[in-house]
Undergrad: 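Below is the structure I would like to discuss, written out as structure tokens.
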Amino acid sequence: MAGGRRLYAWGAALGGLMVVLAALTACAGPYQYYGGTGIHDTTAAEVAGGWENVEGTRVVLRKDGTALFEKLDGQDFDFEDGWRLSGTGTWQLADDDGGQAVRLALTARTRVESRSPTTATDTSASEPPSTYAWSFYVDRDQHDELRLFFFYGDPDIGNAYVMTRETGS
């Protein structure tokens with residue numbers, strides 16, 4: 001009978017360990033362990049200029065390190081709040097082991113808009129921030145053109161918010 005209890009105890013311990021491991025990895029979406037694009041050859045002069053996306057967002061990165069934001073959505077889970085921020089701030093090109101990223105900081109909010117009428121009338125939604133920071137990965141498309149992106153929403157889905165060079169820029 002003692003051998004049966006010991007086997008039961010090992011089975012229970014192993015089962016408990018499996019439950020803990022499953023819980024720890026259940027929310028490990030793509031961006032939580034995304035290593036970056038591996039790009040290290042982009043210059044600040046290349047990144048400077050106008051950027052846009054299909055949702056009407058516009059970002060201007062000036063050569064002096066200042067930035068203009070129009071209708072820029074929140075990153076990660078903040079995207080689900082539905083606000084879109086406009087204003088001014090700063091930017092810098094950063095480089096780490098995984099690749100380069102453009103770090104944006106909104107320092108003066110001038111306008112807040114909503115992505116949809118539902119979020120505009122939702123009284124339970126949190127107040128949009130007066131300052132905010134984004135981190136865009138730097139990547140190149142199949143034509144070697146720069147693009148900037150971050151992940152948004154549920155991390156298990158891996159949605160990417162992509163900015164391309166502004167038309168005519």
Side-chain angles (χ1 to χ4, degrees), residues 21-42 46-61 67-107 109-169:
L21 288 175
L24 290 174
T25 61
C27 294
Y31 80 84
Q32 291 177 322
Y33 49 84
Y34 184 71
T37 61
I39 292 180
H40 297 280
D41 63 349
T42 305
E46 279 183 284
V47 174
W51 296 88
E52 64 187 359
N53 82 356
V54 296
E55 298 293 325
T57 297
R58 182 172 179 259
V59 175
V60 177
L61 306 176
L68 171 70
F69 309 97
E70 293 178 9
K71 301 179 186 176
L72 188 51
D73 295 285
Q75 190 168 348
D76 300 328
F77 280 113
D78 290 338
F79 182 85
E80 294 174 2
D81 289 339
W83 45 256
R84 310 185 84 199
L85 302 177
S86 296
T88 58
T90 61
W91 73 277
Q92 66 179 9
L93 181 62
D95 198 346
D96 62 28
D97 291 341
Q100 292 174 299
V102 174
R103 311 258 193 255
L104 305 176
L106 175 75
T107 56
R109 184 180 80 187
T110 58
R111 189 173 67 241
V112 176
E113 296 181 34
S114 179
R115 210 171 31 260
S116 73
T118 306
T119 55
T121 59
D122 184 5
T123 57
S124 68
S126 62
E127 174 68 22
S130 58
T131 61
Y132 196 79
W134 294 265
S135 183
F136 282 86
Y137 292 105
V138 176
D139 198 9
R140 294 190 185 274
D141 66 13
Q142 66 272 20
H143 304 291
D144 207 33
E145 298 293 324
L146 283 181
R147 65 184 194 144
L148 309 175
F149 72 96
F150 63 75
F151 293 109
Y152 68 88
D154 184 339
D156 292 324
I157 296 174
N159 292 320
Y161 192 93
V162 179
M163 302 285 292
T164 56
R165 186 61 70 183
E166 193 172 48
T167 307
S169 230

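All values derive from a computational prediction rather than experimental measurement.
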Undergrad: Spell out, as yes or no, whether a donor-acceptor pair under 3.5 Å connects the side chain of Arg115 to the backbone of Arg84.
TA: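 No; zero donor-acceptor contacts below 3.5 Å.
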
Undergrad: Return yes if a side-chain donor-acceptor contact under 3.5 Å exists between Ser86 and Glu113, otherwise no.
TA: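 Short answer, no.
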
Undergrad: Under the side chain to side chain contact (heavy atoms under 4.5 Å, CB included) test, which residues partner Thr88, sequence neighbours left out?
TA: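 Partners of Thr88 by the side chain to side chain contact (heavy atoms under 4.5 Å, CB included) criterion, ordered by chain and then number, come out as Leu68, Ala108.
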
Undergrad: Nearest 0.5 angstrom please: Phe79 CZ to Asp154 CG, how far?
TA: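 The CG atom of Asp154 is 12.5 Å from CZ of Phe79, to the nearest 0.5 Å.
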
Undergrad: Who passes ring-ring contact (aromatic ring centres under 6.0 Å, His included) against Tyr132, sequence neighbours left out?
TA: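 If we apply the ring-ring contact (aromatic ring centres under 6.0 Å, His included) test to Tyr132, skipping adjacent residues, the hits are Trp83, Trp134.
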
Undergrad: Looking only at non-hydrogen atoms, find the nearest pair between Leu61 and Ala67 and report the distance.
TA: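 Closest pair (atom of Leu61, atom of Ala67, distance): CD2-CB, 4.0 Å.
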
Undergrad: Of all residues at least two apart in sequence or in a different chain, which pass the side chain to side chain contact (heavy atoms under 4.5 Å, CB included) check with Asp41?
TA: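 With neighbours one apart ignored, the set is Ile39, Arg140.
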
Undergrad: Could you pull out all residues at least two apart from Tyr161 that satisfy ring-ring contact (aromatic ring centres under 6.0 Å, His included)?
TA: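 With neighbours one apart ignored, the set is Phe150.
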
Undergrad: State, to 0.1 Å, how close Thr42 and Leu93 come at their nearest heavy-atom pair, and which atoms those are.
TA: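 Nearest heavy atoms, Thr42 then Leu93: O-CD2, 3.4 Å.
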
Undergrad: Could you state the interatomic distance from CG (Asp97) to NE2 (His40), rounded to the nearest 0.5 Å?
TA: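 Reported value, rounded in 0.5 Å steps: 7.0 Å.
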
Undergrad: Closer than 3.5 angstrom, by distance alone: can the side chain of Thr164 be matched with the main-chain N or O of Arg147 as a donor-acceptor pair?
TA: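 Such a contact is absent between Thr164 side chain and Arg147 backbone.
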
Undergrad: Identify the two heavy atoms, one from Val47 and one from Arg165, that lie closest to each other, and give their separation to 0.1 Å.
TA: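 The answer is O-NH1, 3.7 Å.
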
Undergrad: Is the shortest side-chain heavy-atom distance between Glu166 and Arg58 below 4.5 Å?
TA: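 The answer is yes, as the side chains (C-beta and beyond) meet within the 4.5 Å cut-off.
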
Undergrad: Please identify each residue that fulfils side chain to side chain contact (heavy atoms under 4.5 Å, CB included) with Ser135, with sequence neighbours left out.
TA: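 Applying side chain to side chain contact (heavy atoms under 4.5 Å, CB included) to Ser135 gives Gln75, Ala101, Arg103.
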
Undergrad: With heavy-atom distances below 4.5 Å as the criterion, would you say the side chains of Val162 and Leu148 are in contact?
TA: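 Heavy-atom side-chain distance check fails, nothing below 4.5 Å.
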
Undergrad: How long is the straight-line distance from CG of Asp76 back to CZ of Phe151, given to the nearest 0.5 Å?
TA: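 Phe151 CZ to Asp76 CG: 10.0 Å, rounded to 0.5 Å.
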
Undergrad: Testing Leu104, Thr110, Leu85 for side-chain contact (heavy atoms from CB on, under 4.5 Å) with Phe69, which one passes?
TA: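 The single option meeting the side-chain contact (heavy atoms from CB on, under 4.5 Å) with Phe69 is Leu104.
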
Undergrad: Is there side-chain contact between Pro129 and Leu106, with at least one heavy-atom pair below 4.5 Å?
TA: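 The answer is no; the side chains never approach within 4.5 Å.
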
Undergrad: Please report the interatomic distance CD(Glu52) to NZ(Lys71), rounded to the nearest 0.5 Å.
TA: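 Glu52 atom CD to Lys71 atom NZ measures 12.0 Å (nearest 0.5 Å).
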
Undergrad: Hey, could you give me the CG/CE distance between Asn53 and Met163, rounded to the nearest 0.5 Å?
TA: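 Separation between the atoms: 5.5 Å.
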
Undergrad: Applying side chain to side chain contact (heavy atoms under 4.5 Å, CB included), can you list everything that pairs with Glu145, at least two apart in sequence or on another chain?
TA: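 Result, side chain to side chain contact (heavy atoms under 4.5 Å, CB included) vs Glu145: Asp141, His143.
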
